[in-house]
Amino acid sequence: MTVPDGGYRCSIMVSYDLAITGGRCLVGGRLVRADIFIRDGRIARIARRSLPADRAIDARDSILLPGLVDLHVHLRDGDLAHKETFATGSAACAQGGITTAVDMPNNDPPTDTIGALEGREAAAARSSRIDFLINPALPFRGGPPPDVPAFGELFCYQHGTGALLDTPPPPKSLLMFHAESDRTDEGERECLPDLLADLHRRELANPVHLCHISTAAGLDAVRANPGATCEVTPHHLLLTTRPEDPLFRVRPPLRRSHDVTALWQGVTDGTVTTIGSDHAPHSRAEKESGDPPCGIPGAPTMLPLLFTAFLRRRLPLALLARLTSENPARLLGLYPAKGALREGSFADMVVVRKEEGRIRAEDLYTMARSTPFDGHRTAGTVVATVRRGEVIYLHDHITSSGGGRNVKGLLKELRTKNA
Ligand code: DOR
């Protein structure tokens with residue numbers, strides 16, 4: 001293009017890979033009308049303007065939240081592939097707006113050797129739609145515990161904390177404890193104070209995160225030990241005990257309304273740090289057997305149910321995002337690359353439309369098509385899930401066959417970039 005002085009001005013038209021336009025975005029803790037422009041897997045621009053992009057998603061009647069970081073899923077696979085695989089479990093996560101998930105080690109074989117850990121990491125890299133972290137167990141067999149971001153869930157009642165920690169893990173690794181007994185339903189009351197006292201005595205350097213706290217007593221124990229953080233689950237927040245129904249069988253067990261009220265208090269007063277799904281799929285045949293296993297496939301329903309509950313309780317969506325994205329990302333050292341809608345962050349986000357809907361078990365992408373939430377009304381639907389710039393879920397369809405990356409590799413890249 002020529003200009004009056006006879007020179008040339010070259011206007012290079014910048015184009016983006018993906019634009020998500022017209023939505024209300026949770027930016028800096030506030031819902032603001034903005035368009036998000038994505039390039040090379042990152043959020044390149046957040047602006048209210050029309051910019052060219054190879055692809056666009058119309059989010060006019062929707063809300064954009066950071067992709068969920070779920071610290072507690074059981075993706076199974078391996079010899080438990082009849083329950084779930086990395087492919088199906090990651091699809092279930094994508095349906096629920098989860099773009100990063102941490103896999104628990106109680107697999108077959110258990111993730112307690114280098115071989116088992118590397119085998120699961122390779123299998124997940126082949127077929128996971130979402131970014132993943134494969135947690136090893138403690139005690140770790142066949143060598144010293146590896147230097148990993150996190151261990152667990154560590155089942156205190158199976159080994160006792162001595163066996164878990166006599167070979168101290170690397171000091172910066174997050175230790176995630178399943179702090180209850182399997183002998184009684186009062187596990188937290190019995191097990192948690194002893195565990196926390198033992199950890200205190202050991203003067204562990206490790207950050208400690210307590211999985212699925214389910215009782216008022218458990219929350220009080222956390223409040224008395226400010227050094228530990230804790231998680232609650234959607235099922236312990238939204239359901240009460242129904243022992244006769246196998247779909248409601250879970251460990252820790254569902255509680256009565258007194259404990260449910262206490263958990264919501266913990267959500268609003270800051271005692272609770274994360275909400276995790278504890279996605280624990282079992283086959284329909286197992287759940288319908290004479291001895292149904294414990295577990296609820298919570299990943300695909302987590303966000304619609306929590307979005308609905310927060311709206312009904314008039315709780316800010318900024319709090320929901322803090323509990324399901326920001327805080328979990330911080331615990332893994334991933335924030336703000338994950339856990340925030342911010343220029344420069346990974347383009348991990350979920351588009352939620354405010355509309356009446358219902359949970360239907362047959363619609364879920366998990367292999368475990370049985371949920372205690374079947375029929376529950378919702379006020380928000382996941383329209384799209386984007387994982388580092390790739391649309392992995394759109395209008396009820398899984399739109400990716402893989403591409404998820406190991407969080408360990410992402411952390412290494414982030415450290416190199418920020419070094
Ligand atoms: O209900 C549960 N199921 N709780 C656990 O701690 C384990 C999980 C599973 O792996 O099935």
Side-chain angles (χ1 to χ4, degrees), residues 70-86 88-89 92-93 101-112 116 120 132 134-138 150-159 164 175-188 190-192 195 209-215 218 230-243 245-255 259 274-289 291-302 366-373:
D70 190 347
L71 295 184
H72 195 156
V73 301
H74 299 265
L75 293 175
R76 311 297 196 201
D77 212 291
D79 291 346
L80 298 182
H82 64 286
K83 296 175 186 278
E84 196 82 287
T85 66
F86 286 117
T88 59
C93 289
V102 179
D103 175 62
M104 299 292 100
N106 64 323
N107 298 297
D108 184 4
T111 317
D112 62 0
R120 286 187 73 76
F132 57 89
I134 307 296
N135 271 9
L138 289 176
F151 287 89
E153 58 186 324
L154 306 176
F155 291 87
C156 306
Y157 63 78
Q158 280 176 354
H159 307 284
L164 292 177
L175 304 183
M176 298 175 60
F177 284 94
H178 173 116
E180 59 126 16
S181 150
D182 65 340
R183 292 191 304 279
T184 75
D185 284 350
E186 292 311 309
E188 282 171 24
E190 281 181 11
C191 177
L192 200 46
L195 166 67
H209 193 55
L210 302 168
C211 297
H212 44 49
I213 293 295
S214 62
T215 63
C230 80
E231 167 199 78
V232 297
T233 71
H235 44 272
H236 288 111
L237 283 169
L238 299 171
L239 301 174
T240 51
T241 179
R242 195 183 294 182
D245 188 335
L247 298 188
F248 286 66
R249 272 172 65 88
V250 66
R251 291 215 68 82
L254 299 175
R255 305 294 184 179
D259 287 315
T274 68
I275 300 177
S277 69
D278 192 4
H279 179 72
H282 297 284
S283 69
R284 183 184 289 273
E286 288 168 328
K287 273 293 192 180
E288 292 172 351
S289 72
D291 182 22
C294 293
I296 291 173
T301 54
M302 175 151 106
T366 173
M367 284 170 67
R369 290 265 178 76
S370 55
T371 168
F373 293 107

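Atoms within each ligand, like the ligands themselves, are counted from 1 in listed order. Note that the numbering runs from 1 along the sequence shown for the chain. Everything numeric here is computed off the predicted structure, so don't read it as measured data.
Of all atoms in ligand 1, listed by their number and element, those nearer than 4.0 Å to a heavy atom of F155 are 6 (O). Those atoms of ligand 1 with a heavy atom of A280 less than 4.0 angstrom away are 3 (N), 8 (C), 9 (C), 11 (O). Taking a cut-off of under 4.0 Å to the non-hydrogen atoms of V250, the atoms of ligand 1 that pass are 1 (O).
Looking at R251 against ligand 1, both its backbone and its side chain come within 4.0 Å, counting heavy atoms.
Assignment of H235 to the shell around ligand 1 is not supported, since no heavy atom sits closer than 4.0 Å. Put simply, part of H282 is less than 4.0 Å from ligand 1, judged by heavy atoms. For E153, the heavy-atom gap to ligand 1 drops under 4.0 angstrom.
Closest non-hydrogen pair, C93 versus A101, comes out as SG-CB, 4.3 Å.
With rounding to the nearest 0.5 angstrom, the NE2 atom of H235 is 5.0 Å from the CG atom of D278. Note that the CZ atom of F155 and the CZ atom of R251 stand 10.5 Å from one another [nearest 0.5 Å]. Here S370 contributes atom OG and R284 contributes atom CZ; the two are 6.0 Å apart, rounded to the nearest 0.5 Å.
The pair R120-D103 meets the salt-bridge criterion, since a charged nitrogen lies less than 4.0 angstrom from a carboxylate oxygen.
Looking at E286, H178, M104, R76, it is H178 that brings a heavy atom closest to atom 6 (O) of ligand 1.
Inclusion of N106 in the set of residues having an N or O under 3.5 Å from an N or O of ligand 1 is warranted.
For the 3.5 Å distance criterion, the side chains of H212 and H178 qualify, holding a donor opposite an acceptor. Between the side chains of H282 and K287, no donor-acceptor pair of N or O atoms lies under 3.5 Å.
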